[in-house]
Amino acid sequence: MKLLKLPQVFHNGEIHTIDINTDSSYLVSAGKDNKVSVWHLAQLIDLSKAVSSANATSELKKQMKAFAPFESIECHEHLINVVKFLPGKLNEFVSSDVKGNVFHHVLDDKPTTKQIFPFKNDDIEAEPLVDLSVSADNRLVAWSTKDGKVYLYDLAKDTFQELTTIYHEKPIIQRSIAFDPTNNYLITVGDDTQINLYQYNYDKDADNYTFRLINKISRYFSQNPLSVRYKRISWSPEGELIPIPTATKNQTMLISLISRTAKWGNAENLVGHNHANEVVRFSPKIFSETDKSTNRTHNIVASGGSDKTIAIWNTTKTSPITILEGLIQGEVLDMAWTKDGESLLFGTSKGHVGIVNFERGELGYPFSDETMERMIKLHANLVESMLFRYPYEQTVGNRKQLPSIEFLKQSDAILALGPSSKDIKDEPTEDGDKSKKGPETTTGGEIVPEVIPPPQLEEIPDPKTNDLLDSVMSTRVDSSAKAVKSSTKEEKSKTPPIEETQKETPEDKKSETADESKKSELQDPPKLEKAEETKKPEPESPKKPSFNKQKVTTKNGKRRIQPMLISSNNGAAAPNIPKPAPTTTTIKSASRAPMEFDKPSYSVSEEFYKQNKRPRTDEANGTVKKVKREMEPVKFIGSVILNPNTSFSKIRLATPKVKFGFQVKSQFDGDSNFLDVRNGSGNETKPSRITYFKKDKEIWCDFIPKYIQLAVEGSNFWAVTIDDGTILTYSRVSGKRLLPSIVLGSPASFFESYNNYLMAVTCVGEVYVWDMELKKSVLKCSIGPLLELCNKDGLVKSENITLCAVTSLGIPLVTLSNGSGYLYNKNLGVWQTITESWWSFGSYYWDGVDETAKPQSMNMFNDEQSIISLLEHKTNEEILRKSRTGRGKFFNKISKNMLMKEGFESLENTISISHLENKILCCELLGEDKDFHKFFTSYVQRICELGFKAKLYEVCDQLLGPIDDPENKDWDPKICGMDKRELLKEIITLCSQFRDAQRVLIHFGEKIGIVNNDI
């Protein structure tokens, strides 16, 4: 490690902020002189290394004194406290000052500067800015101010929004703010010792962001140092850890590392600074202990602050790697790492710039850029849904229902009207009153209320009216269609309450108790937003109440529609309003919603119910117990609704709820082609409609007098399932029926396809696979053996099915909630295991972390994708879900209990060999040629390394085959598309370095002719 501090003083003696771009070509710094300096970072690094190796000769000292930034940008009039490069841009950065001015800079041949805040809006004044951060997708700029608010600015859309409207607490200064590298989270650290964690999501179709406050953490501070000016934090490069500076525990200053996979719990405490440390920066690389293995990894953290000390930490150790104390004059106000993680730059309150260079291997061996990208994608795939309920969310009310989730949507943001200046403020504006800031203001400029006649309902359908009509229509559905009613509730509890909860503020609740005359004169914010979306801002008339004025509120997560009196319409009857046709946006939102399921049937025969009936009261004291869901007795005489298969089956799987409508995009004809399904009333009066559209043009259509549950597409077909267990198949091109209706006898729980194969799993556990090109059955089996149904006392819970799929060879794949993955071998007629959590614990070759598993889709398995890696990724998800402490600590606890015992010394080697053998066999069954070659060569090298001569001999003998009888028809010379003897030659050459295996390899090398017998 080498340290260089430039002797000259910059920025009038105070450097408050520095940052480095992604390719480490530029360094920007700013401070007291109100200027932004741009440096050539490569020249500074070369100079520091030359000085370190030459012990600072006179010539180098001159170069040090003469070294200066090549560009100086003057746009601020006050002290600059933050500069941040856009993560994906090499020449763009954002700067801010203590008065709240924010600028966007572009470094070209002629640098350009644009002021993005404050803009021309007199109602939004610039407050002193505390900290600033830029999102990983280079779009969002977030900053906190001294009035306790957090603001968001979209650089692509020039929209402005306040994030703290969903905070609902007293404003407290948020001293630090940071986006994570996976582009999913935003964290703020406040002066009230509370950490606020926001989750956000980007909708590509609507080009909007949605934010949600998911956690408030306050257990890491017992006090807050009042002298702290900055709290500069950063996420670990893969988005797993967050360091919290100035944390305290029993009057001890420390840095708390919060782990995302540990449910935002404390992973480690770094103790070493005597005073408050305000700056904590993660190295942009993950390191391993050796350059040949990535099994034991760690992060590197640099910390510094008012104690004039810089400490370098390894996150797997409690003590720092090195401490720079007494070498730095002044407080460390900011630090930045180069992209390769080998150089650390810092700026001090005395105006000095310093650089610390590390030699290769001193901190560890960094991962490659490709591996870092895979790590970031892996952590991004493990992010929970925006609708996920976190443990801290408590129930409210006597019914113990969860509170509704509150969102902040970018559709409510204010459109920035350009930077403000003194000239603009002094001149009178033409628009008159300005729009108020907050969620009620939409991106359309100013809205001037105007009394005009109420709009015609047929021309401008009100979304609230549509919701009311949906509820009215659902009451007319046949009473036997319980699935449709339940799905209606689920859909409405998913999408509409989200928007309403977001817009319902405490001011809205106060307005509900206000006078009715005031209500009629003022527009509600939700109506104002809807009017803006339709570009017809027509307020309701106070004298003529219309059908649109029924108030829709959300209480305890349920929709409440305020009833209307007939007299309110002056005695006029309500008009007969037809239900408007569903739009494309509603279809897309329904298709993006997660699949909802009806609970499995609990019906059993009456005799079985009498034998296993549980008593409802305790005879000893007479107290009433809380009874679990009882089995439902069924008398089959006269019963025509229930299918007897369900009542006698030991397997009961949940079935998908019936939706009013959904879409399935075509995987073969492009996103512009899709199948649209619209469910009717389930009978001949109003049948369900199936329509195939090509670029918004109807190609073919069919009507079904029943409810449609699921739909999938194959290479030459479309298939849909009906709620009674019937499958309809259509030609993908013309909509011609391919087969008569397929009757399964039970509703389908899973419905999948790939190429010309169609797979269905019924609610009683039957699995079917058909080849739709040959129009014949491939296999029929039961999923029961995987569920461990060995209890004879009646219905018991088993593991959940988390994935069902079919491969390009027509092989069914199933994963369970215990982490195990299975395939069905139709030659043997049994299920076989592909992955299980035991191998992830003990095998060296568990590569679920290294391989990036793509998200599940209808076209799940393509030529570029590994099936085994996908199933191992599912196993990792289940392990992380079940182990609250995280996978690392979970495995560490097991290894301490097992590996330390006598007789278990070779446990990991044995598990690794078994795991590789199973992978090789599964690749043969699944036809995974690339994975087979990779796993096979790893397996042979491993058994040669461990000296397993018997296994090596058997493997080579199988590859060699019968030499004396080359026309032996029982021997197949190919394996997974590769010639066996060519593969034998490859492993003989590959493993020749292992001494213990040379005798066996020479023997087979002589037989195959690559080793000379004379030698």
Side-chain angles (χ1 to χ4, degrees), residues 16-20 81-85 87 94 96 129-136 140-145 150 163 172-199 215-221 224-225 228-248 253-260 262 264-273 276-284 299-307 310-313 315 331-337 344-347:
H16 284 257
T17 176
I18 62 172
D19 198 23
I20 299 172
N81 55 359
V82 183
V83 289
K84 286 287 183 184
F85 269 102
V94 180
S96 65
L129 191 143
V130 180
D131 197 13
L132 179 144
S133 180
V134 184
S135 62
L140 296 178
V141 180
W143 66 84
S144 57
T145 57
V150 176
L163 179 61
I172 296 294
I173 297 177
Q174 302 300 306
R175 190 64 61 178
S176 184
I177 184 169
F179 285 95
D180 81 315
T182 66
N183 203 38
N184 285 285
Y185 297 104
L186 172 66
I187 188 172
T188 65
V189 181
D191 277 351
D192 58 348
T193 71
Q194 179 165 291
I195 303 168
N196 299 321
L197 188 66
Y198 299 87
Q199 183 179 354
N215 212 338
K216 299 177 182 179
I217 310 170
S218 59
R219 59 181 177 273
Y220 298 113
F221 299 92
N224 191 51
V228 171
R229 179 163 40 176
Y230 299 116
K231 289 182 184 177
R232 303 194 187 275
I233 65 174
S234 65
W235 293 70
S236 61
E238 80 283 9
E240 166 63 16
L241 298 174
I242 317 160
I244 305 300
T246 68
T248 52
M253 301 300 299
L254 49 86
I255 303 171
S256 293
L257 298 181
I258 300 177
S259 172
R260 183 176 68 83
W264 310 107
N266 189 10
E268 191 63 61
N269 289 326
L270 307 179
V271 183
H273 287 272
N277 60 294
E278 296 92 346
V279 187
V280 184
R281 297 297 189 197
F282 263 102
S283 172
N299 291 100
I300 297 296
V301 185
S303 62
S306 57
D307 57 356
I310 294 180
I312 309 297
W313 308 80
T315 55
E331 303 176 9
V332 179
L333 297 183
D334 203 0
M335 296 185 293
W337 288 89
L344 174 68
L345 289 98
F346 58 89

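This chain uses plain numbering: 1 for the first residue, then up along the sequence.
Counted by atom type alone, N81 and S96 present one or more donor-acceptor pairs between their side chains at under 3.5 Å.
A distance-only check finds no donor-acceptor pair linking the side chain of D180 to the backbone of G239 [under 3.5 Å]. Under the 3.5 Å distance criterion, the side-chain polar atoms of T17 are matched with a main-chain donor or acceptor of V83. N299 contributes no side-chain N or O that, together with a main-chain N or O of T315, makes up a donor-acceptor pair within less than 3.5 Å. Checked by atom type and distance alone, the side chain of R281 pairs as donor or acceptor with a backbone atom of I233 at under 3.5 Å. No donor-acceptor pair closer than 3.5 Å links the side chain of E268 to the backbone N or O of N266. The backbone N or O of V189 lies less than 3.5 Å from no partner atom in the side chain of S176, so there is not a single donor-acceptor pair. Checking side-chain atoms of R232 against main-chain N and O of L333 turns up a donor-acceptor pair under 3.5 Å.
For D19 and K84, the salt-bridge test fails: no basic side-chain N is under 4.0 Å from an acidic carboxylate O.
To the nearest 0.5 Å, atom CG of residue L197 and atom CD1 of residue I258 are 8.5 Å apart. Between the CG atom of L257 and the OG atom of S236 there is a distance of 9.0 Å, given to the nearest 0.5 Å. Note that CD of E278 and CG of D334 are 11.5 Å apart. Values are rounded to the nearest 0.5 Å. S234 contributes atom OG, which lies 6.5 Å from atom CZ of F282 (distance to the nearest 0.5 angstrom). The OG1 atom of T188 lies 12.5 Å from the CD1 atom of I173; values are rounded to the nearest 0.5 Å. To the nearest 0.5 Å, the span separating CD1 on I195 from CD1 on I244 amounts to 4.0 Å.
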Subject >> From CA spacing to verdict: side chain to side chain contact (heavy atoms under 4.5 Å, CB included), V150, N196 >> reply: CA-CA 11 Å; V150 176; N196 299 321; over 6 Å; no
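Listed by chain and residue number, W235 satisfy the side-chain contact (heavy atoms from CB on, under 4.5 Å) test with P181 (two or more places apart in sequence, or in another chain).
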